[in-house]
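These numbers come from the heavy atoms of this one structure, side chains and all, not from hydrogens, waters or symmetry mates. First the proteins, then the strands, lettered A, B, ... as listed; each starts at 1.
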Amino acid sequence: MHECQNANQYAKELLVWYDKHHRPLPWRQNINIYHTWVCEVMSQQTTLAVVVPKFSEFVKQLPTVDDLAVCDEDTLRQLWSGLGYYARARNLKKGAIFIVEHLEGRFPQSCKEWLEIPGCGLYTAAVIASVCFNEKVACVDGNVTRVVSRLLALSRDVWGSSGQSVIRDFVNSIISDERPGDFNQAMMELGATVCRKTKPLCLLCPLRSQCLASEKNCTELCPPQKPRRDAVDVELFALIIWRKATDTIAIVERTKGFLANTVGFPLIPEIEVLEVKKRFKSLKQFQLVELPGTFAHNITHHRISGKALVVQEVEDYWSAAVEDFWQKLGLPQPFYWVASQAIATKLSTSLDKKVFKLFHVSPFGHPNSKL
DNA sequence: GACCCGTGGGG
DNA sequence: TCCCCAAGGGT
């Protein structure tokens with residue numbers, strides 16, 4: 001097992017290094033519970049270079065938990081645009097509402113209490129509790145897992161729940177008594193900048209003399225690679241349903257599956273396109289144009305290849321039969337009409353922006369061009 | 001435990 | 001161009 005006299009040594013060396021070398025991230029300037037919460041949720045599975053500007057804009061537009069709790073969905077989506085994993089934004093707002101409505105706007109004070117907040121798991125609750133409340137609780141993310149697996153030369157699986165427990169127990173055994181928050185951030189910072197996945201900079205590492213993987217020269221084997229799913233190819237169509245009379249375009253709220261909790265163009269599997277085309281073609285009020293070109297987009301392990309179909313209503317039809325027809329088409333609901341000039345500002349997902357680009361550059365599709 | 005969910009940046 | 005991946009959490 002790990003000896004206690006070493007525990008202080010790990011923390012001591014690490015904190016000396018951290019004080020000297022940590023990056024000046026915006027949320028590190030002065031500790032703010034709301035800021036810490038927002039930046040940690042934003043940072044989940046996301047690179048910090050992308051997070052930093054998004055974080056600043058987010059807390060500028062929504063400075064307090066009260067602002068977040070009452071913000072409109074469109075604002076939230078725009079602030080989250082480019083970050084992905086949109087459930088995080090939904091949970092963040094749910095958490096804000098919970099804090100405002102059930103905790104009288106007072107933030108939870110411990111790791112255990114933070115675990116009750118939507119979107120806060122073991123990692124996030126531990127970071128907030130240690131950084132904001134000086135709670136001595138280990139936080140274990142991908143960086144920390146890598147650092148510890150090398151310190152202990154663990155080449156067996158460390159990503160499953162039992163492996164994560166081993167990592168967490170070890171970190172709890174060496175965590176600083178005086179500065180648990182800085183210690184946790186230091187472990188992550190070390191993993192991000194020195195104990196990197198590939199080409200670790202062992203010569204710069206403050207823990208080198210205590211690192212078994214460095215000693216055995218086996219950093220490449222520790223930790224073992226996370227298992228990954230094979231990519232799956234998906235073909236789909238985006239529908240650009242455009243009312244000429246009002247110059248508006250149909251936007252749907254996606255409630256499940258890909259891009260849940262976002263709004264954008266209706267998406268249908270390639271295999272259903274024929275049926276949809278047939279239904280529109282049976283009505284003289286519509287003209288169909290399949291835009292030239294395709295767009296490529298990845299969602300987790302799905303490799304999406306997409307095309308866009310413009311469905312233009314050249315004579316009035318929707319005003320009378322819209323609800324019924326929409327339902328018969330099996331398109332996502334609810335939907336609403338957005339002025340074509342305002343479409344670009346409504347879209348928040350990368351996929352929708354790619355679709356819009358196909359539309360915008362096309363002589364067949366541009367709202368300002370004559371069809 | 002298995003599987004789900006986005007995106008931008010880097011090699 | 002293509003593949004890899006990053007300060008995870010929910011179901």
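B:dG6 atom P lies 12 Å from atom NE2 of A:H301, rounded to whole Å. The distance from atom CD1 of A:I299 to atom P of B:dG6 is 6 Å, rounded to the nearest whole Å. Across the protein-nucleic acid pair, A:N261 atom CG and B:dG6 atom P stand 9 Å apart, rounded to whole Å. When the C1' atom of C:dC3 is taken as reference, atom CG of A:N298 falls 9 Å away, rounded to whole Å. For A:D157 and B:dA2, the CG to P distance is 10 Å, given to the nearest whole Å. Going from atom CD of A:E116 over to atom P of C:dG9 covers 14 Å, rounded to whole Å. Regarding A:L190, its CG atom lies at a distance of 14 Å from the C1' atom of C:dA7, rounded to whole Å. Look at CD1 on A:I128: it is 13 Å from C1' on C:dG9, rounded to the nearest Å.
Using modelled atom types and a 3.5 Å distance limit, the side chains of A:S81 and A:K353 yield a donor-acceptor pair. A donor-acceptor contact closer than 3.5 angstrom is absent between the side chains of A:R88 and A:Q45. Side-chain atoms of A:R254 and A:T262 include a donor-acceptor pair closer than 3.5 Å. Side chains of A:T124 and A:Q44: a donor on one and an acceptor on the other come within 3.5 Å. Between A:E57 and A:Q61, the side chains place a donor N or O and an acceptor N or O closer than 3.5 Å (distance only, hydrogens not considered).
Phosphate proximity of C:dG8 to A:Q45: present, with a side-chain N or O under 4.0 Å from OP1 or OP2. In terms of phosphate contacts, A:Y86 brings a side-chain nitrogen or oxygen within less than 4.0 Å of OP1 or OP2 of B:dT7. Between A:R88 and C:dG10 there is no side-chain N or O to OP1 or OP2 distance below 4.0 Å. OP1 or OP2 of B:dC3 lies within a sub-4.0 Å distance of a side-chain N or O belonging to A:R229. Dashed line: the shortest gap from a side-chain N or O of A:H302 to OP1 or OP2 of B:dC5 is under 4.0 Å. Contact check, A:T300 against B:dG6: no side-chain N or O comes under 4.0 Å of OP1 or OP2. For A:H297, no side-chain nitrogen or oxygen approaches OP1 or OP2 of B:dG6 to under 4.0 Å.
For A:D74, the salt bridge (charged side-chain N to carboxylate O under 4.0 Å, His left out) partners at least two apart in sequence or on another chain are A:R77, A:K346.
A:N91 comes within contact range of the sugar-phosphate backbone alone, with a heavy-atom separation under 4.0 Å but no base atom that close. Using a 4.0 Å heavy-atom distance criterion, A:A231 is classed as making no nucleic acid contact. Using a 4.0 Å heavy-atom distance criterion, A:W159 is classed as making no nucleic acid contact. Across all strands, A:L48 comes closer than 4.0 Å to base atoms (heavy-atom distances). When heavy atoms are screened at a 4.0 angstrom cut-off, A:C39 is found touching no nucleic acid atom at all. Using a 4.0 Å heavy-atom cutoff across all strands shown, A:L25 reaches at least one base atom of the nucleic acid. Counting any heavy atom pair closer than 4.0 Å across all strands shown, A:R254 reaches no nucleic acid atom. A:Q225 comes within 4.0 angstrom of sugar-phosphate atoms only, judged by non-hydrogen atoms across all strands, and of no base.
Both A:K94 and A:Y85 sit near DNA chain C, but only A:Y85 has its closest nucleotide nearer the 5' end. The nearest heavy atom of DNA chain C to A:T47 and to A:T124 marks one nucleotide each, and the one closer to the 5' end goes with A:T47. Each of A:G257 and A:G160 was matched to the nucleotide of DNA chain B holding its nearest heavy atom; the match closer to the 5' end belongs to A:G160. Nearer the 5' end of DNA chain B, as judged by each residue's closest nucleotide, is the contact made by A:Q44, out of A:K199 and A:Q44.
As rounded to the nearest Å, B:dG6 and C:dT11 have P atoms that lie 14 Å from one another. Across C:dA7 and B:dG10, the matching P atoms stand 14 Å from one another, rounded to whole Å.
Between C:dA6, C:dA7, B:dT7, one nucleotide has an atom nearer to the side chain of A:K226 than all others, and that is C:dA6. Relative to the side chain of A:R303, the nucleotides C:dC3, B:dT7, B:dG8 differ in distance, and C:dC3 lies closest.
Under 4.0 Å is where a charged nitrogen must lie from a carboxylate oxygen, and between A:K93 and A:E73 at least one such pair does.
Counting atom types as modelled, A:T46 pairs no side-chain N or O with a base atom of B:dG8 as donor and acceptor under 3.5 Å.
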